[in-house]
Amino acid sequence: MAAPEPGLPWRAGPAPPPRPQNKRRGSVERTQIPGACKILGVSARTVQRLAVAGQLPSAVKVGRVWTFDIQALRSWLVEQEVKPCQRIERRPRTAVTGEARRSGLASRSEARNTVSALRQTTQMLREIARQQSKQK
């Protein structure tokens, strides 16, 4: 048995035929997050968030590195410029963490802050006291 040539792996038998390569219409230039930031004009975190959400075209993560097709990013950016801005409608505010939720017959305060809530509660209690004194 002959020893393998230096620098070549030892194989028993003939080498396999080369794999056919997929030929595209042109070479695709790819960039990483810093290049995408320059094209889009946003921060690296925003690019990463959009890529994770699947909103950026041709975003591919290889290992720990995101790569993007430069032409696809530019086309996507032009599409975003053309789209009309949609008015964002405000959703009703949800309870803040730690806020007590009211239940039962008590009406919810319309006050926006603690001072207003205190004034409203004081006025409500005075009104109740007036009504009770009239009934006596």
## Note on the structure
Taking every heavy atom of L56 against every heavy atom of V47, the minimum-distance pair comes out as CD1-O, 3.7 Å
### Task
Over all heavy atoms of both residues, which pair between P57 and A72 is shortest? Give the atoms and the distance, please.
CG-O, 3.6 Å
### Query
Atom NZ of K38 and atom CD1 of I70: how far apart are they, to the nearest 0.5 Å?
11.0 Å
### Query
How would you list, by chain and number, every residue that makes a side-chain contact (heavy atoms from CB on, under 4.5 Å) with R49, sequence neighbours excluded?
T46
### Query
Could you state the interatomic distance from CD (Q32) to CZ (F68), rounded to the nearest 0.5 Å?
9.0 Å
#### Entry: Flag if over 12 foreign heavy atoms under 6.0 Å of CZ, R126
no
### Query
So, the side chain of R74 versus the backbone of D69: is there a donor-acceptor pair under 3.5 Å, distance only?
no
### Message
Once rounded to the nearest 0.5 Å, what's the spacing between atom OG1 of T122 and atom CD of E127?
### Response
13.0 Å
### Message
The criterion is side-chain hydrogen bond (donor to acceptor under 3.5 Å, both in side chains); which residues satisfy it with R45, sequence neighbours excluded?
### Response
Q48
### Summary
Taken in chain and number order and not counting sequence neighbours, the residues that satisfy side-chain contact (heavy atoms from CB on, under 4.5 Å) with L125 are T121
#### Entry: Partners passing salt bridge (charged side-chain N to carboxylate O under 4.0 Å, His left out) against R64 (at least two apart in sequence or in another chain)
none
### Task
Just jot down the side-chain contact (heavy atoms from CB on, under 4.5 Å) partners of L77, sequence neighbours excluded, or say none.
L40, E81
### Task
Rounded to the nearest 0.5 Å, what's the gap from CZ on R130 to CD on Q135? Could you check?
14.0 Å
## Note on the structure
Tested for side chain to side chain contact (heavy atoms under 4.5 Å, CB included) against W66, the lone hit among I33, T31, V60 is I33
### Message
Among residues at least two apart in sequence or on other chains, which ones pass side-chain contact (heavy atoms from CB on, under 4.5 Å) with Q123?
### Response
none
